[in-house]
Amino acid sequence: MSQTPDSAVRTYIQQHRAAFLDDLTEWLRIPSVSAQPDHADDVRRSADWLAAKLRETGFPTAEIWPTAGAPAVYAEWPSGDPDAPTVLVYGHHDVQPAAREDGWNSEPFEPVVRGNRLYARGAADDKGQVFFHTLGVRAHLAATGRTAPAVNLKLLIEGEEESGSPHFRTLVEEHADRLTADAVIVSDTGMWSEDTPTVCTGMRGLAECEIRLYGPDQDIHSGSFGGAVPNPATVAARLVAALHDDHARVAIPGFYDGIVELTDRERALFAELPFDEESWLRTAKSYATHGEAGHTTLERIWARPTAEVNGIGGGYQGPGSKTIIPSSAMVKLSFRLVAGQEPDRISKAVRAWAESLVPAGIRSEIAFTGSTRPCLTPLDHPALQSVVRAMGRAFEQPVRYTREGGSGPAADLQDVLGAPVLFLGISVPSDGWHAPDEKVELDLLFKGVETSAYLWGDLAGTWRRAR
C-alpha cells in the first residue's frame, strides 16, 4: 500500500530528525551577535556556514551578500516549471547578545536538550525557524518525487536584524531584480500558543520623533521672570496633554485619514482567540488596560494606530527644588501605524500639529528618525490561505489569525518588491526571545518543518488557479 503524501512527509522527517538537530546545533554554536563588533567574524562565519549548508541541501545558488555591516545569505532553487510562482523566504542568522551570567542555566552558545526543548541563543529567534525550511524542502521533494521545488524558491537571510536592520532596505533595493517574488514568507515570527496554531496577517509600522523646545537662552529665576515669559517645560507638558482626546484617540488632525479598518470578520476571528486579559496584564507588569474606546485589547495592539510618549524632560531633575524656568525641554514620541498610513504623511501631520501648539517665544525643532511602513495581507489572499492550509495539515487542527503589534523589516520587502508578506512561524511566547534560556519546543519545530514541506505544493497549485 503506497504512502499518502502526508505520511511520506512525516516518515521522511522522522528519518532525518537526528541529523537535522545535529546540524542546527552546530549552527547555534556560532555566536553570531551582530550588535557586538567583537563578534563580526562570527557573524560572517554564520553566513558562510548557512550558505554551505544550503548548497548541501540542494540549492544550486547560495551566495554571501555583503553589506556596509554584516553579510546576508541569498539562495535560489528554480522550479523548472514555467508557470510556478516565485516565493522568497526571509529570516535572519544574527542573534542577540547572551552570557551565562545573564541568568542562563547553561552556556547560551552550547545548545542543550532538556526534556523536549532545545536551549540556545537563536534556537527560536531565528536560526531554528530559518533552518526548518532546509528539511522541509527535502521532505517536499521526497514525498512528491520532484527533483526541484514546486515553486521557484528563494531565501534571503539577513545578518543585522538584531541590530535594527540598518542596511537591509539598501540591500533589497540593490538586488531587487534577483529578489523579485510573487509572495514573501517571513519565518521570524511566532504563534499564539502550543495548543493554538496561528498565522499573522499583518504588522504595524513605526514613526519616531524627538521634539526639542527652546525658551530663554539660559535657565532663569522663576520669581523674577515666571508668569511673564513662556516656559518650554510647560509647552512640552501641553503637547503631551494634547496628544489624545478623552476617548484615547490620537488627536493629531489627519492622523486616521485613509486607515484600513478592521472588518467584522477580523474582529470576530480575534475574539475567538483564548485571550486571558488578567494574565496579559501580569506579563505587561501593569494594573489596568487602557486605550482607544470601542476596541478590545487585542484590536488595540494589533490593528489600531497609536501615539506614545517615550520620554519627556526639561529643567531641574536633582534632589530638592530649584526655582527656575528651564531654557529647554524635550519630548520623544513614537507612532505605531496601520495599513493605510504612510510614515511621511504622518510626520508632516505631527509637525503641523506640534507647530500649531508652540507659542511665540518658544523655538521648536522636530527630528524624525528612520521609519517602517505597515504591512497587511487580506484574509482571502490565496497565498495566505496556502499557509493556513499547510499549517492546518501539519498541526491537524484549525489555524487562527493574529497580527503583530511591533514592526520589522518585512515592510521593506513589501515596499520594494511589491509582493504580499505572509508569516510562517512556530515559536511560542515562552520561548524567551532575547532573554536568558531561549529555547524552541522540538515538537513545534518539526511541525514547522512539516508545514514547509506541504506549503510549496499547495502554493503552486493555488497560485496557478488564481493567476
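Index from 1, following the sequence. Please read all numbers here as calculations on a predicted model, not as lab measurements.
Cation-pi geometry between R363 and Y214 is met: under 6.0 angstrom from the ring centre, within 45 degrees of the axis. Cation-pi contact between R249 and Y256: present, with separation from the ring centre below 6.0 Å and deviation from the ring axis of at most 45°.
Under the 4.5 Å side-chain criterion, counting only non-hydrogen atoms from C-beta, E76 is not in contact with F59. Side-chain contact between N231 and P326: present, with at least one pair of heavy atoms (C-beta onward) separated by less than 4.5 Å. Two residues are said to be in side-chain contact when any heavy atoms from C-beta on lie closer than 4.5 Å; L213 and S328 fail this criterion. Annotation: side chain of L337 is not in contact with side chain of I259 (no heavy-atom distance under 4.5 Å). Within the 4.5 Å cutoff, the side chain of F335 has heavy atoms near those of the I252 side chain. Between L179 and Y90, every side-chain heavy-atom pair lies at or beyond the 4.5 Å cut-off. Using a 4.5 Å heavy-atom cutoff, the side chains of L379 and R265 are in contact. By the 4.5 Å heavy-atom criterion applied to side chains, R45 and S32 are not counted as neighbours.
For D458 (side chain) and L455 (main-chain N/O), no donor-acceptor pair under 3.5 Å exists by modelled atom type. T170 places no side-chain N or O within 3.5 Å of a backbone atom of H167 that could act as its donor or acceptor partner. Panel note: side chain E438, backbone A124; a donor-acceptor pair is recorded below 3.5 Å. Between the side chain of R204 and the main chain of V338, no donor-acceptor pair closer than 3.5 Å is present. No donor-acceptor distance shorter than 3.5 angstrom exists from the side chain of H93 to the backbone of S46, with no hydrogens or angles considered. Of the possible donor and acceptor atoms, none in the side chain of D245 sits under 3.5 Å from a partner among the backbone N and O of A251. Judged purely by atom type and a 3.5 angstrom limit, S222 uses its side chain to pair as donor or acceptor with the backbone of T323. With S279 contributing its side chain and D276 its backbone, the two residues share no donor-acceptor pair below 3.5 Å. In terms of modelled atom types and a separation under 3.5 Å, the side chain of S165 and the main chain of F168 share no donor-acceptor contact. E160 contributes a side-chain N or O that, together with a main-chain N or O of A70, makes up a donor-acceptor pair within less than 3.5 Å.
Contact between V43 and G159 at its shortest, heavy atoms only, is CG1-O, 3.9 Å. Residue A98 comes nearest to R121 through the heavy atom pair CB-NE, 3.5 Å, listed as atom of the first residue, atom of the second, then distance. Here the closest non-hydrogen pair linking V358 and S364 is CG2-CB, 4.2 Å. Nearest heavy-atom pair across M391 and P197 is SD-CB, 4.1 Å. Nearest approach of W192 to P429, heavy atoms of both residues: O-CD, 3.4 Å. Looking at every heavy atom in both residues, P420 comes nearest to D182 through CD-O, 3.1 Å.
For the residue pair S187/H133, the side-chain donor-acceptor check at 3.5 Å is satisfied. Using a 3.5 Å distance cut-off with no hydrogens or angles, the side chains of S427 and W433 do pair a donor with an acceptor. A side-chain donor-acceptor contact under 3.5 Å links D125 and H92. For H434 and E162, the side-chain atoms include at least one donor-acceptor pair closer than 3.5 Å. With hydrogens and angles left out, the side-chain atoms of Q385 and T462 include no donor and acceptor closer than 3.5 Å. K154 and T180 are not linked by any side-chain donor-acceptor pair at a separation below 3.5 angstrom, with hydrogens and angles left out of the test. A donor and an acceptor atom, one from each side chain of W302 and E404, are nowhere located under 3.5 Å apart.
Between atom CZ of residue R400 and atom OG of residue S193 there is a gap of 10.0 Å, rounded to the nearest 0.5 Å. Going from atom CH2 of W280 over to atom CG of L298 covers 8.5 Å, rounded to the nearest 0.5 Å. Separating the CD atom in E158 from the CG atom in D412 is a distance of 9.0 Å, to the nearest 0.5 Å. Here the CG-CZ distance, from L445 to F132, works out to 7.5 Å after rounding to the nearest 0.5 Å. Separating the CG atom in D126 from the CG atom in D94 is a distance of 9.0 Å, to the nearest 0.5 Å. Rounding to the nearest 0.5 Å places NZ of K439 at 4.5 Å from CZ of R117.
The pair R300-E292 fails the salt-bridge criterion, with no side-chain N (NZ, NE, NH1 or NH2) lying under 4.0 Å from an Asp/Glu carboxylate O.
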Take V89 and L156 through the side-chain contact (heavy atoms from CB on, under 4.5 Å) test and state the conclusion after the steps.
-> CA-CA 6 Å; V89 174; L156 180 61; over 6 Å; no
Step by step, would you call F368 with I346 a side-chain contact (heavy atoms from CB on, under 4.5 Å)?
-> CA-CA 11 Å; F368 276 82; I346 293 301; 5.6 Å; no
Using the salt bridge (charged side-chain N to carboxylate O under 4.0 Å, His left out) rule, take R345 and D257 through it: C-alpha gap first, then chi angles, then the decisive distance, then the call.
-> CA-CA 10 Å; R345 183 165 53 80; D257 290 355; 5.1 Å; no
Going through the checks in order, is the salt bridge (charged side-chain N to carboxylate O under 4.0 Å, His left out) test met by R178 and E63?
-> CA-CA 12 Å; R178 297 189 66 186; E63 303 170 354; 2.9 Å; yes
Check the pair L262, F270 against side-chain contact (heavy atoms from CB on, under 4.5 Å), reporting the backbone distance first and the verdict last.
-> CA-CA 10 Å; L262 276 166; F270 286 178; 3.8 Å; yes
Does the side-chain contact (heavy atoms from CB on, under 4.5 Å) test come out yes or no for W77 and T61, once each step is laid out?
-> CA-CA 7 Å; W77 196 340; T61 299; over 6 Å; no
Carefully, step by step, assess R169 and E173 under the rule salt bridge (charged side-chain N to carboxylate O under 4.0 Å, His left out).
-> CA-CA 6 Å; R169 188 180 181 96; E173 290 173 341; 3.1 Å; yes
Residues E266, R403; criterion salt bridge (charged side-chain N to carboxylate O under 4.0 Å, His left out); working and verdict | CA-CA 10 Å; E266 286 174 313; R403 292 196 198 177; 3.0 Å; yes
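For D264, the CG atom counts as loosely surrounded, since its 6.0 Å shell holds 12 or fewer non-hydrogen atoms of other residues, nucleotides or ligands. Open room surrounds CZ on R238; 12 or fewer heavy atoms of other groups in view lie less than 6.0 Å from it. With a 6.0 Å radius and a threshold of 12 heavy atoms from other residues, nucleotides or ligands, D41 has its CG atom at or below the threshold.
Relative ring orientation between F109 and H39 is described as tilted, the plane-to-plane angle lying within the 30° to 60° band.
When E272, E299, E261 are each tested for a salt bridge (charged side-chain N to carboxylate O under 4.0 Å, His left out) with R267, only one passes: E299.
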